[in-house]
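All heavy atoms count here, side chains included; hydrogens, waters and symmetry mates do not. Keep in mind the model is a prediction, meaning the values are calculated, not measured.
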Amino acid sequence: MFIQTEPTPNPNVLKFLPGRDVANSPTDFVSAEEAAASPLAEALFALEGVTGVFFGYDYVSVTRDAQGPEWSTMKAPILAAVMDQFVSGEPLMRNAAPAAHADMGEDSEVVAEIKQLLDSRVRPAVAQDGGDILFDAFDEETGVLTLRMRGACAGCPSSSATLKTGVEQMMKHYIPEVTRVEQVL
């Protein structure tokens, strides 16, 4: 099995591409406790310096502690853990995947348009950088759209620029009801 690695705009996140499907639904782990839901996430959090794991559809993003070991030291054990997981044939998740944001009933027409634009234009571009972006809420009175960044995008130095110059401008262009885009931490 050959696993490729790619840098991301976030210098503390590296993307690992095993050449096969990883997750049916993007899943973020930001603590060792959360990682107990997945043998691979648990194995990665056991490595020195790992502070986050994100499973995309066809990749695994690993976040390192900026004060911890360098990628040159961390890469080999991460590659071994990823390879062991996929060679074993075991499921990626123990039991059910962590619950995504609950669907709160029927979306308004504007919210449906926002989600469609996120899914068709924004999320694929963000996934190339090893992250994900999720709809959080839209305040129809103020026009403020809040989004949640995950994977390489969470904590990335360029994530605010991505939100303001990329996502916010696109949303305002296609959906005039959106007046501002903010990130939920």
(message) Do Leu44 and Val62 make a side-chain contact, defined as non-hydrogen atoms from C-beta onward lying under 4.5 Å apart?
(response) yes

(message) To the closest 0.5 Å, what do you measure between CG (Asp136) and CE (Met149)?
(response) 12.5 Å

(message) Side chains of Trp71 and Pro7, heavy atoms from C-beta outward: is any pair under 4.5 Å?
(response) no

(message) Starting from Val30, can I reach Val13 by hopping between I/L/V/M/F/W/Y residues whose side chains sit under 4.5 Å apart?
(response) no

(request) Any chance you could measure Glu177, atom CD, to Asp139, atom CG, to the nearest 0.5 Å? (result) 13.0 Å

(message) Give me the atom names and distance for the closest heavy-atom approach of Pro124 to Leu118.
(response) CD-O, 4.0 Å

(request) For residues Pro26 and Arg150, report the shortest heavy-atom separation together with the two atoms involved. (result) O-NH2, 2.9 Å

(request) Flag yes if more than 12 heavy atoms outside Glu140 fall under 6.0 Å of its CD atom; otherwise flag no. (result) yes

(message) Check this for me: Glu182, atom CD, are more than 12 non-hydrogen atoms of other residues, nucleotides or ligands nearer than 6.0 Å?
(response) yes

(request) Without swapping roles, check the side chain of Glu90 against the backbone of Gln85 for a donor-acceptor pair under 3.5 Å. (result) no

(request) State the NZ-CG distance between Lys115 and Asp107, to the nearest 0.5 angstrom. (result) 3.5 Å

(message) So Ile175 and Met170, do their side chains get closer than 4.5 Å, heavy atoms only?
(response) no

(message) Applying side chain to side chain contact (heavy atoms under 4.5 Å, CB included) to Ser108 and Phe138, what does each step give before you reach the verdict?
(response) CA-CA 10 Å; Ser108 71; Phe138 178 67; 5.5 Å; no

(request) Using the rule that two of Ile, Leu, Val, Met, Phe, Trp, Tyr join whenever any of their side-chain heavy atoms come within less than 4.5 Å, decide whether Leu17 and Phe55 are in one cluster. (result) no

(request) For residues Lys75 and Phe16, determine if any side-chain heavy atom of one lies less than 4.5 Å from a side-chain heavy atom of the other. (result) yes

(request) Indicate if Phe54 and Leu147 have the same hydrophobic cluster label, given that clusters are the connected sets of ILVMFWY residues with side-chain heavy-atom separations under 4.5 angstrom. (result) no

(request) Indicate yes or no for a side-chain donor-acceptor contact from Arg20 to the backbone of Phe86 under 3.5 Å, with no hydrogens or angles considered. (result) yes

(message) Counting C-beta onward and ignoring hydrogens, is there a side-chain heavy-atom pair between Glu168 and Val178 closer than 4.5 Å?
(response) no

(request) Answer whether the closest heavy-atom distance between the side chains of Met74 and Val50 falls below 4.5 Å. (result) yes

(request) Report the distance from atom CE of Met171 to atom CD of Glu113, rounding to the nearest 0.5 Å. (result) 10.5 Å

(request) Given side chain to side chain contact (heavy atoms under 4.5 Å, CB included), test Asp28 with Glu34 step by step and report yes or no. (result) CA-CA 9 Å; Asp28 201 16; Glu34 288 180 9; 5.9 Å; no

(request) Determine whether more than 12 heavy atoms belonging to other residues, nucleotides or ligands lie under 6.0 Å from atom CD of Glu6. (result) yes

(message) Nearest 0.5 angstrom please: Met83 CE to Leu40 CG, how far?
(response) 12.5 Å

(request) Quick one: closest heavy-atom pair of Ala35 and Phe45, and the distance? (result) CB-CD1, 3.4 Å

(request) Measure the CZ-CD distance between Phe135 and Gln116 for me, rounded to the nearest 0.5 Å. (result) 14.0 Å

(message) Please check: side-chain N/O of Arg64 versus main-chain N/O of Pro69, any donor-acceptor pairing under 3.5 Å?
(response) yes

(message) I need the minimum non-hydrogen distance between Asp58 and Pro18, along with the two atoms involved.
(response) O-CD, 3.7 Å

(message) Please check: side-chain N/O of Thr27 versus main-chain N/O of Ser25, any donor-acceptor pairing under 3.5 Å?
(response) yes

(request) Search all heavy atoms of Ala37 against all heavy atoms of Phe29 and return the closest pair with its distance. (result) CB-CE2, 4.2 Å

(request) Could you list who else is in Tyr57's hydrophobic cluster, with ILVMFWY side chains joined at under 4.5 Å, directly or through other members? (result) none

(message) Checking the side chain of Thr63 only, and the main-chain atoms of Thr51 only, is there a donor and an acceptor separated by less than 3.5 Å?
(response) no

(request) Find out if a path of hydrophobic residues (ILVMFWY) with successive side-chain heavy-atom gaps under 4.5 Å connects Val167 to Val111. (result) yes

(request) Give a yes or no on whether Tyr59 and Ile78 share a hydrophobic cluster (residues Ile, Leu, Val, Met, Phe, Trp, Tyr; joining criterion: side-chain heavy atoms under 4.5 Å apart). (result) no

(message) For Asp119, I'd like to know if atom CG has over 12 heavy atoms of other residues, nucleotides or ligands within 6.0 Å.
(response) yes

(message) Measuring only between side-chain heavy atoms, which start at C-beta, is Leu79 closer than 4.5 Å to Thr5?
(response) yes

